[in-house]
Amino acid sequence: MKKVITYGSFDLFHEGHYRILERAKALGDYLIVGVTTEYYDRQRGKLNLVDPIMTRIENVRHTGFADEIIVEDHVGQKVEDIQKYGIDTFVLGSDWEGKFDYLKQYCNVVYLERTPNISSTFLRHDRMRLIKLGIVGTGRIAVRFMDEVKYVSGIEAVAAYNPDEISLSNFAVNYPVLTFSDYFDEFLNEVDAVYIASPNETHADYVRKAILADKHVLCEKPMTFTYDEAVELYQLAHDHHVVLMEGIRAAYLPGFQQLLTVATNGTIGEICDIDACFTRIGIKNSREMADSKYGGAFMEYGSYTMLPIFKLFGMDYEDVRIDSILGEGGIDRFTRVQFIYKDRMATSKTGAGVKSEGQLVISGTEGYILAQSPWWLIQSFDVRYEDPNKVDHYESPFVGTSGFRYEIAEFLGKINKTGGKDYKLTSQESIAMAKVVEKFMTMRRQQQGW
Ligand code: CTP
């Protein structure tokens with residue numbers, strides 16, 4: 001019996017899928033079809049699958065061509081499957097031409113002509129209106145964002161706004177978008193949604209204006225400096241039926257979801273303490289190092305360090321205490337925020353112009369989680385126990401270098417109403433962070449006398 005195997009996501013099942021299965025089956029007597037898991041697809045950069053795996057499997061089954069359907073969930077599985085099932089021929093579409101030649105040492109490798117003018121990507125676009133995105137602020141973060149937004153299908157950056165014309169034109173050299181430096185309203189007219197990456201003190205105003213124009217908003221952290229304003233902006237977004245999301249990247253990374261699961265599923269027992277530290281020596285005259293009003297350690301990194309604390313302990317702390325050491329020019333060089341909860345506590349430590357061990361430690365009654373720097377771009381972590389020889393290692397790598405595409409995919413999913421409720425970062429959590437920022441700003445104003 002001649003055995004053939006082929007793989008795919010088979011999302012929004014289409015004629016191209018049908019035809020490749022038909023031809024693959026004709027190459028042998030027995031066809032095995034591997035359908036990818038969402039997790040595996042995310043790892044290889046496909047972030048917007050529409051159909052759940054069971055639907056995709058059922059659609060393959062309905063063709064009647066597959067004698068057996070298996071699930072593909074990791075890199076390296078193809079070699080395992082070929083050996084396990086005694087495969088004679090491996091088949092994939094011609095878009096993969098050459099990519100699987102390394103399998104020729106195990107079996108025949110055949111690339112079949114792809115069916116023209118149809119793909120899941122095309123259908124996803126067709127189904128969901130392409131979201132036109134505008135970028136507010138064109139500095140370092142915006143550049144990193146632009147390098148990632150192109151990997152998320154269904155959203156396209158089309159315009160940029162910055163009152164600083166030099167920064168704007170430098171940006172436009174690398175990213176061909178419409179540019180606006182005067183009228184924010186004209187810029188808003190060109191887009192469905194905005195990503196706000198301007199200086200911290202301008203975030204809230206841009207958010208408000210964009211929402212009032214019925215645009216969806218993804219805003220860099222910290223979105224606002226006060227509790228009241230955070231409440232107001234989320235209410236405004238609700239009233240205007242638009243998405244408002246604070247861009248705390250770590251919240252959207254697959255590894256962070258895994259860490260939250262392991263922290264809460266009993267592996268380390270009851271959690272007693274969280275210690276989250278983020279420091280960077282930084283560039284001397286950069287905004288975060290030089291802006292004594294709106295820069296500094298806590299403003300830059302505090303959203304990250306508060307994130308695991310609020311996710312795991314909630315927002316009903318009994319007390320919060322903030323201490324800062326000031327650096328050159330009056331920024332906080334190092335800030336420690338201590339949260340006291342009933343029967344547990346947590347510490348956020350942030351540094352700008354100072355270096356420490358940037359780790360996240362979650363201590364429990366059975367063991368602890370250690371996520372090492374840069375845990376805010378988490379790809380792996382350990383669980384350690386009393387016995388130092390016992391260590392459980394968890395890996396959850398993400399594609400790309402900055403992790404932005406997961407945040408963007410979440411934003412797009414919410415806009416298209418495929419993302420459901422706010423789980424990864426709720427508006428309540430974002431508002432709770434604004435409350436701590438407000439306390440910090442009050443202290444800063446007193447220290448600096450403004
Ligand atoms: N395929 C094909 N003709 C098409 C589309 C896909 O022959 N027009 C083949 C692919 O080459 C692959 C299999 O169908 O061997 C499953 O592909 P999959 O990646 O699931 O489908 P795509 O439509 O290519 O999906 P996407 O747009 O998300 O990449």
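One-based numbering, in listed order, for ligands and for the atoms of each.
- Near I118, the atoms of ligand 1 lying under 4.0 angstrom from a non-hydrogen atom of the residue are 4 (C), 5 (C), 8 (N).
- Ring geometry, F187 versus Y161: the interplanar angle falls from 30° to 60°, so the pair is classed tilted.
- Atom CE of M433 sits about 9.0 Å away from atom CD1 of I309, to the nearest 0.5 Å.
- For T115, a nitrogen or oxygen atom sits less than 3.5 Å from a nitrogen or oxygen atom of ligand 1, counting backbone and side chain alike.
- The N/O atoms of H14, backbone and side chain alike, include one that comes under 3.5 Å of an N/O atom in ligand 1.
- Heavy-atom contacts of G93 reach the following atoms of ligand 1: 11 (O), 15 (O) (cutoff under 4.0 Å).
- If you number the atoms of ligand 1 from 1 as listed, the ones under 4.0 Å from a heavy atom of F10 come out as 16 (C), 20 (O).
- Between D205 and the choices H203, R208, K209, the side chain to side chain donor-acceptor pair (under 3.5 Å) rule is met once, by R208.
- For the pair G8 and ligand 1, the shortest N or O to N or O distance does not fall below 3.5 Å.
- Geometrically, ligand 1 and R124 share a nitrogen or oxygen pair separated by less than 3.5 Å.
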Go through the steps for E246 and Y234 under the test side chain to side chain contact (heavy atoms under 4.5 Å, CB included), then give the verdict.
CA-CA 10 Å; E246 188 171 9; Y234 280 108; 4.0 Å; yes
Step by step, work out the salt bridge (charged side-chain N to carboxylate O under 4.0 Å, His left out) result for K132 and E190.
CA-CA 8 Å; K132 289 190 283 173; E190 297 296 326; 5.5 Å; no
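- Proximity of R19 to ligand 1 is not established, as no heavy-atom distance is less than 4.0 Å.
- A cation-pi contact, defined as under 6.0 Å to the ring centre and within 45° of the axis, is absent between R42 and F398.
- Residue I20 approaches ligand 1 through these ligand atoms, each under 4.0 Å from one of its heavy atoms: 7 (O), 9 (C), 14 (O), 15 (O).
- Side-chain atoms of F90 and T6, non-hydrogen and from C-beta on, never get closer than 4.5 Å to each other.
- The atoms of ligand 1 that sit less than 4.0 Å from any heavy atom of D95 are 10 (C), 11 (O).
- With Y30 as the aromatic partner, K2 does not meet the cation-pi criteria of under 6.0 angstrom to the ring centre and within 45 degrees of the ring axis.
- Of the polar atoms of R114, at least one N or O is found under 3.5 Å from an N or O of ligand 1, judged by distance alone.
- For a threshold of 3.5 Å applied to N or O pairs, the pair formed by T121 and ligand 1 contains at least one separation below that value.
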